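Notes for the one structure printed next.
Residue numbers start at 1 and run along the sequence shown. Everything numeric here is computed off the predicted structure, so don't read it as measured data.
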Amino acid sequence: MITKIKNFILTGLVCCGIIAILAACTDDNTSGMNLSGECFVQELELNGQYAATVNLEKRLLKVKVPVNFTAKNNMEITKLTLSDGATSNLKVGDRLNLDGSQTLRVANGDRVMDYQLSVRNDEAVMTNFLLEGVKGAINQADKTITVSVTANSGIDLSNATFEVECSEDAVCSPASGTKANFTEPVQITLTDNTASSTYTVYVTLISRPVALFVGEAENIELLNVEEKAAAKWLTGNISGAAYASWDDIATGNMDLDEVKFVFFHRHCTPYGNYNGFVDAEAKAMTALPKMKELWQRGVGFVLGRSAVNYAIALGAQPEDSYPNNVWGTDGEGSDLMGPEPWTYRVYDIAHPLWQNLKRSPGLGDDRIITLDEGYTICNTTSQFGFWGDYPDKEAVEAKTGGRALGGDGNVSSWELKSAGGNYGKGGIICLGSGVLDWASPTPYTSNYHDNMGTIMLNAFDYLTK
């Protein structure tokens with residue numbers, strides 16, 4: 001009995017000790033520290049007239065000064081009010097160089113908070129302009145914006161929506177996201193306190209395009225979501241680019257004399273074989289004689305997804321080298337990217353197509369990223385799997401007469417020679433991978449997806465210069 005009582009007492013003491021230890025470790029091991037005081041900046045003023053906007057969430061103290069103010073390197077704190085009992089590393093009367101931000105550290109007992117003190121000039125600068133998704137060229141010197149569209153763009157210029165990106169605090173009038181009549185020049189004014197700028201938008205109709213996105217629909221707006229995003233990227237980012245339907249090409253509706261680059265991106269259910277492609281893409285085949293003329297005169301092509309089969313139609317790839325691994329539907333959503341989105345293997349990172357891409361730290365030298373967390377790809381794919389007639393990369397190259405560019409255990413992007421027999425200018429880039437995607441039905445923050453645009457700009461330079 002005595003032994004049992006002793007064990008009971010010892011057990012109780014051990015339990016009490018554990019509870020005491022746990023109690024001492026609560027509140028992030030801060031017992032005995034004074035955390036009752038607040039560390040808020042209530043107001044701050046510089047030079048007796050410039051008051052800070054206090055953002056407690058971001059711990060940012062932003063002071064705005066006139067557009068022509070040039071003395072940020074010697075500014076005086078003339079007012080500083082903190083929470084009761086708080087002190088800071090800066091005080092009234094201090095003179096600061098605020099060409100860059102300074103740290104204001106506020107302490108109250110054992111609690112400490114850091115704020116970034118930043119002084120910015122008023123600014124009214126437009127950084128981006130989109131007219132129904134078509135990017136305008138901004139000339140900051142004369143404050144003009146030029147937007148180039150074709151008659152078959154699908155845009156009603158008399159009532160078109162525009163979007164503006166501009167300086168952080170600038171206000172746009174008329175407001176971004178509203179409509180205006182762009183059949184005549186439109187003026188857009190940006191204001192930020194003492195700064196003001198008025199830009200004039202001019203819309204020009206392209207009659208002799210330099211680059212084309214070709215598709216089945218009458219105009220861009222009637223394309224499916226994936227194809228429309230690709231088409232709008234081209235027309236908004238390459239000067240002189242336009243949309244053309246296959247009917248425009250076949251009937252001679254489009255002047256092709258200046259064309260040096262063609263982008264055909266097809267998102268649809270797979271065909272199964274080359275004959276299936278020919279049957280399903282009747283309009284593209286109707287325009288084939290004109291497309292062959294372009295390729296034979298040295299025009300470069302980028303073919304995306306199911307459109308890679310057009311390389312066979314052009315005569316750049318043997319008919320019996322149709323991709324053996326195809327899948328997907330014509331839907332707009334399949335695979336949602338998590339915090340670590342897929343990477344894509346490339347065979348030669350030094351190839352011009354893969355230059356100047358944003359890369360993740362620690363990413364292998366043979367991999368790129370084109371997707372972001374939250375991005376959903378439709379993932380239709382036309383590629384060469386390593387089986388049957390295509391046991392490896394070398395077999396794919398021998399069969400197609402081309403050069404493999406990328407793929408994970410397969411070849412899902414490759415290039416073909418020009419009609420003159422050389423890689424590069426006048427050649428064809430085939431991007432059959434579903435990873436090389438243009439539109440997400442789910443929201444995401446673009447970090448690596450901008451690499452898609454860089455790849456296309458690289459392709460444009462590689463195939464036209």
#### Entry: Residues that Lys179 engages under side-chain hydrogen bond (donor to acceptor under 3.5 Å, both in side chains), provided they are two or more places apart
Thr161
### Query
With sequence neighbours excluded, what pairs up with Gln187 under the side-chain hydrogen bond (donor to acceptor under 3.5 Å, both in side chains) test?
none
### Message
Please determine whether side-chain hydrogen bond (donor to acceptor under 3.5 Å, both in side chains) holds for the pair Ser382 and Tyr271, giving the CA-CA distance in whole Å, both sets of side-chain angles, and the decisive distance to 0.1 Å.
### Response
CA-CA 10 Å; Ser382 292; Tyr271 308 107; over 6 Å; no
### Task
Please step through side-chain hydrogen bond (donor to acceptor under 3.5 Å, both in side chains) for the pair Ser196 and Thr191, ending with a clear verdict.
CA-CA 4 Å; Ser196 179; Thr191 55; over 6 Å; no
#### Entry: salt bridge (Lys or Arg N to Asp or Glu O under 4.0 Å) partners for Asp408, two or more places apart
Arg367
### Query
With Asp372, which residues qualify under salt bridge (Lys or Arg N to Asp or Glu O under 4.0 Å), at least two apart?
none
### Query
Under the side chain to side chain contact (heavy atoms under 4.5 Å, CB included) criterion, do Leu80 and Asp94 qualify, and how do the steps go?
CA-CA 11 Å; Leu80 178 60; Asp94 284 352; over 6 Å; no
### Query
Among Leu82, Asn55, Leu117, whose side-chain contact (heavy atoms from CB on, under 4.5 Å) with Val41 holds?
Leu82
Verify whether one side chain among [X] and [Y] offers a donor that lies under 3.5 Å from an acceptor in the other.
X	Y	value
Asn181	Thr183	yes
Thr103	Asp114	no
Tyr344	Ser413	yes

For the [atom1] atom of [X] and the [atom2] atom of [Y], what is their distance to the nearest 0.5 Å?
X	Y	atom1	atom2	result
Asp169	Leu190	CG	CG	12.0 Å
Thr269	Trp327	OG1	CH2	15.0 Å
Asn451	Leu457	CG	CG	11.5 Å
Asn253	Trp246	CG	CH2	15.0 Å

Using modelled atom types and a 3.5 Å cut-off, is there a donor and acceptor pairing between side-chain atoms of [X] and backbone atoms of [Y]?
X	Y	result
Thr78	Gly48	yes
Asn121	Pro66	yes
Asn309	Ser306	yes
His267	Gly304	no

### Full working for side chain to side chain contact (heavy atoms under 4.5 Å, CB included) between Trp233 and His265
CA-CA 12 Å; Trp233 182 90; His265 182 67; over 6 Å; no
### Query
Checking side chain to side chain contact (heavy atoms under 4.5 Å, CB included) for the pair Val210/Lys260: CA distance, chi angles, key distance, verdict?
CA-CA 6 Å; Val210 171; Lys260 58 182 181 179; 3.3 Å; yes
### Query
Which salt bridge (Lys or Arg N to Asp or Glu O under 4.0 Å) pairs, counting each pair once, include a residue from residues 330-342, with sequence neighbours left out?
none
### Message
Applying salt bridge (Lys or Arg N to Asp or Glu O under 4.0 Å) as the test, list every pair that has at least one member in residues 197-225; sequence neighbours left out.
### Response
Arg208-Asp255, Arg208-Asp257, Arg208-Glu258, Glu216-Arg266, Glu221-Lys228, Glu221-Lys232
Is the shortest heavy-atom distance from the side chain of [X] to the side chain of [Y] under 4.5 Å?
X	Y	answer
Thr198	Ile188	no
Tyr310	Leu288	yes
Arg305	Glu227	no
Leu104	Asn89	yes
Ile155	Val203	no

So, [X] and [Y], do they make that salt bridge, N to O below 4.0 Å?
X	Y	value
Lys283	Asp248	no
Asp99	Lys72	no
Asp192	Lys64	yes

### Message
Show, in sequence, the C-alpha distance, side-chain angles and deciding distance for Asp348 and Trp354, and conclude whether the side chain to side chain contact (heavy atoms under 4.5 Å, CB included) test is met.
### Response
CA-CA 8 Å; Asp348 179 10; Trp354 314 125; 5.8 Å; no
Counting only heavy atoms not in [X], do more than 12 fall under 6.0 Å of its [atom1]?
X	atom1	value
Lys62	NZ	yes
Asp84	CG	no
Asn97	CG	yes

### Task
For the pair Phe129 and Phe162, name the ring-plane relationship: parallel under 30°, tilted 30 to 60°, perpendicular over 60°.
parallel
